[in-house]
Every structure is written in structure tokens, then in C-alpha cells.
Amino acid sequence: CDIAIAASSIHLSLLYHKNLPFSLVSQNISSNNIGAYTGEVSAAMVSEYVDFSLIGHSEQRSYFNATDENLYKKIILALQYDLKPIFCFGEQKKDRESGSYLSIIETQLENTVMLLNDKDMSNLILAYEPVWAIGTGENALPSQINEVHAYVRGVIGQKIGVSGASQIPILYGGSCNSKNTKVILSQPDVNGLLIGGASLDIDHFCQIIQISNLSQSD
């Protein structure tokens, strides 16, 4: 499997060298390109070190009030600097309980990635993060995960066709660990994992990588 590490921005330059066995990911980028935005990290700043940038991570949405308009600007800037956006989306617990989760997710996509042209869409990675399953130990059921992934692939397919949509990786993130990795990756529309807390334990993270590699070869 392909491995990418989303290190803190202050560590990216320390980790970077040309022959790394994994890719580097920026945890976030500013929605502004150039200007007096003290404390922000722009796409230009990190583009020397990373191939990818997370955009719309649930914590950015929850704690920093990231809007769809703001996230769309970040996607455009990432693409401008040849960074592959890893665009995160997902519902709150209240949306899941009310049954409106699919329409909430579709709106998140319609206001952002669905505004891109076909070529730019083909450079995306998507990541489903049900907010209620992040850091809670309460991961979504495999059937719930694949339902959302298949739905999203269908939404994308309406714009760029079934074949094009099948080429866009959709990752799952939310209380991933070595015990549930295999069953999550066995779902037909899941192409990888966006791992949070479990990656902080290097032995645990290596187990997940080993299981992922075995799952790919099955």
C-alpha cells in the first residue's frame, strides 16, 4: 500500500528528503495565497516538501469554522501548487440519527469538489470522516461505511462518469485500528484509511500497514 504521513507543519522540512519511502502531507493550508496573514501556512510554503494536503478535516470544520467557500479556495490553491487535495467530508451524530446524513454529505461535495472541472476532479483523493466516530472508539459499521462511499462515488459519477469516478480513491477515517482494518478495507468502495490516533503508536501503525498490504494482495 502507499503510505503518506501528515506531520505538523513545523516538522515537514525536517522530515523531507528526496528518497523518502513514504509521502508527506500538509495537515492544512491557508485559503489565501499571498499577503499579510500572520500565522497562516500557505500552499506555496509547504509545496516544496509535500505531495498532498488535507483539506476540510473534521477538526478544522469543528474548531475553526471552515466553510465550504473557504475549503473550495484551499482546493484551488492546492491544485495551483501541484498538491493533491485529500478532501475530508462527513456527518455529525445528529445528522446520522435524523437520517439526513447522505444529503448533508452531498451538500458538502456540491459546494466544493463538484465545482471543479473534470481534470481537477481526477486529481482528488476523498476521505469520509463520520464526525461521531472520530476519536471516540465508535467506528462506523462496515456496511455504513460502504454505503456512504458507494453513494459518494455515484454522486461523482454523475459529473465525470462511472469510469472516472471509479479512479478517485475514497479513504475512510474514524477510529481505525489493527482490529478493524481488514474488514473496512474489504468493502468494495473503500480504497484506504485516514488514520488518526492509531498512528501515534508506531508498533500499532506498522501492524495496520502490514494488514493493509495483506488485504491488497488477497
Side-chain angles (χ1 to χ4, degrees), residues 1-6 21-23 25 51-52 54-59 84-93 95-97 99-106 108-109 113 121-218:
C1 61
D2 296 319
I3 303 166
I5 304 294
F22 52 83
S23 300
V25 184
D51 298 310
F52 306 89
L54 292 175
I55 294 176
H57 189 280
S58 59
E59 289 161 2
K84 212 174 181 76
I86 302 174
F87 183 75
C88 305
F89 61 90
E91 80 278 9
Q92 301 279 345
K93 189 170 185 177
D95 305 320
R96 171 63 59 169
E97 292 175 342
S100 62
Y101 56 97
L102 292 178
S103 62
I104 293 293
I105 288 168
E106 184 169 0
Q108 291 175 353
L109 299 175
V113 298
M121 283 190 75
S122 69
N123 282 314
L124 286 175
I125 294 175
L126 300 176
Y128 172 47
E129 290 187 299
V131 178
W132 50 272
I134 297 172
T136 63
E138 182 185 357
N139 62 290
L141 296 173
S143 57
Q144 293 174 317
I145 296 168
N146 201 66
E147 178 197 22
V148 172
H149 282 226
Y151 181 80
V152 167
R153 209 176 292 284
V155 170
I156 298 296
Q158 291 173 16
K159 181 175 174 65
I160 63 173
V162 174
S163 177
S166 69
Q167 300 303 309
I168 296 179
I170 307 179
L171 315 180
Y172 171 73
S175 297
C176 299
N177 56 58
S178 59
K179 293 182 179 178
N180 58 32
T181 289
K182 184 174 181 179
V183 69
I184 293 173
L185 289 177
S186 69
Q187 302 306 304
D189 281 292
V190 176
N191 305 115
L193 304 175
L194 185 67
I195 301 167
S199 67
L200 301 180
D201 180 328
I202 186 63
D203 292 331
H204 192 180
F205 189 45
C206 286
Q207 286 179 33
I208 293 172
I209 293 169
Q210 290 166 0
I211 293 166
S212 300
N213 278 325
L214 289 172
S215 297
Q216 295 288 334
S217 62
D218 286 347

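One is the number of the first residue; the rest follow in order along the sequence. Values in this document were obtained by computation on a predicted structure and should not be read as measured data.
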Enquirer: Residues in ring pair (Phe, Tyr, Trp, His ring centres under 6.0 Å) with Phe89, at least two apart?
Expert: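 If we apply the ring pair (Phe, Tyr, Trp, His ring centres under 6.0 Å) test to Phe89, skipping adjacent residues, the hits are Tyr128.
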
Enquirer: Kindly compute the distance separating OG (Ser215) from CD1 (Ile208), expressed to the nearest 0.5 Å.
Expert: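 The distance works out to 11.5 Å.
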
Enquirer: Would a 4.5 Å heavy-atom cut-off, applied to side chains only, mark Asn180 and Asn177 as touching?
Expert: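 In short, these two side chains touch, coming nearer than 4.5 Å.
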
Enquirer: Measure the shortest side-chain to side-chain distance between Ser212 and Leu185 over non-hydrogen atoms and say whether it is less than 4.5 angstrom.
Expert: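 Yes, their side chains come closer than 4.5 Å.
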
Enquirer: Within the distance-only criterion (no hydrogens, no angle test), does the side chain of Tyr151 pair as donor or acceptor with the backbone N or O of Ile105 below 3.5 angstrom?
Expert: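 Pair absent, no side-chain N/O of Tyr151 close to backbone of Ile105.
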
Enquirer: What's the verdict on side chain to side chain contact (heavy atoms under 4.5 Å, CB included) for Ser122 and Ile160, showing C-alpha distance, side-chain angles and the deciding distance?
Expert: CA-CA 9 Å; Ser122 69; Ile160 63 173; 5.9 Å; no

Enquirer: Provide the closest heavy-atom pair for Ser199 versus Ile195 in the form atom of the first, atom of the second, distance.
Expert: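 Nearest heavy atoms, Ser199 then Ile195: N-CG2, 3.6 Å.
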
Enquirer: Would you find a donor on one side and an acceptor on the other, under 3.5 Å apart, between the side chain of Ser178 and the backbone of His204?
Expert: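 Flag not set: sc Ser178 to bb His204 has no pair under 3.5 Å.
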
Enquirer: Using 0.5 Å steps for rounding, measure from the SG atom of Cys176 to the CD1 atom of Ile134.
Expert: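 Taking SG in Cys176 and CD1 in Ile134, the distance rounds to 9.5 Å.
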
Enquirer: Does the side chain of Asp51 reach to within under 4.5 Å of the side chain of Lys84, using non-hydrogen atoms?
Expert: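 SC-SC contact between Asp51 and Lys84 ruled out.
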
Enquirer: Determine whether a donor-acceptor pair (N or O, by modelled atom type, separation under 3.5 Å) exists between the side chain of Gln187 and the backbone of Asn146.
Expert: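 It does not hold such a pair.
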
Enquirer: Got a second to check how far Ile184's CD1 is from Leu171's CG, nearest 0.5 Å?
Expert: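 Atom-to-atom, Ile184:CD1 and Leu171:CG are 12.0 Å apart.
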
Enquirer: With rounding to the nearest 0.5 Å, note down the distance linking CG in Asp2 to CG in Asn213.
Expert: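 The distance works out to 9.5 Å.
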
Enquirer: Nearest 0.5 angstrom please: Asn191 CG to Cys1 SG, how far?
Expert: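 Reported value, rounded in 0.5 Å steps: 12.5 Å.
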
Enquirer: What are the two closest heavy atoms between Pro130 and Ala140, and how far apart are they?
Expert: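 Shortest heavy-atom separation between Pro130 and Ala140 comes out as CG-CB, 4.4 Å.
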
Enquirer: Side chains of Tyr101 and Glu147: closer than 4.5 Å at any heavy-atom pair?
Expert: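 Yes, side chains in contact.
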
Enquirer: Tell me, do Ile209 and Phe22 make a side-chain contact under 4.5 Å, heavy atoms counted?
Expert: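 Ile209 does not reach Phe22 side chain to side chain.
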
Enquirer: With sequence neighbours excluded, what pairs up with Gln210 under the side-chain contact (heavy atoms from CB on, under 4.5 Å) test?
Expert: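 Partners of Gln210 under the side-chain contact (heavy atoms from CB on, under 4.5 Å) test: none.
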
Enquirer: Rounded at 0.5 Å granularity, tell me how far CE in Met121 sits from CD in Gln167.
Expert: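 Reported value, rounded in 0.5 Å steps: 13.5 Å.
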
Enquirer: Could you note down all residue pairs passing salt bridge (Lys or Arg N to Asp or Glu O under 4.0 Å) where residues 154-166 supplies at least one of them, sequence neighbours left out?
Expert: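 Found none.
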
Enquirer: Whether the side chain of Asp95 engages the backbone of Gln92 through a donor-acceptor N/O pair (distance < 3.5 Å, no angle test) should be reported.
Expert: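 Such a contact is found between Asp95 side chain and Gln92 backbone.
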
Enquirer: State, yes or no, whether a side-chain contact exists between Ile202 and Cys206 at a heavy-atom distance under 4.5 Å.
Expert: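 Yes, at least one pair of side-chain atoms sits under 4.5 Å.
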
Enquirer: For a quick test of reading the model, state the closest non-hydrogen atom pair linking Asp189 to His149 and the distance between them.
Expert: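 The pair with the smallest heavy-atom distance is O-ND1, 3.0 Å.
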
Enquirer: Output yes when a side-chain donor or acceptor of Arg153 lies under 3.5 Å from a complementary backbone atom of Ile168, and no otherwise.
Expert: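 Yes, Arg153 side chain to Ile168 backbone: donor-acceptor pair under 3.5 Å.
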
Enquirer: Could you check whether any side-chain heavy atom of Ile156 comes within less than 4.5 Å of a side-chain heavy atom of Ile170, counting everything from C-beta outward?
Expert: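 Side chain of Ile156 against side chain of Ile170, heavy atoms only: no contact under 4.5 Å found.
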
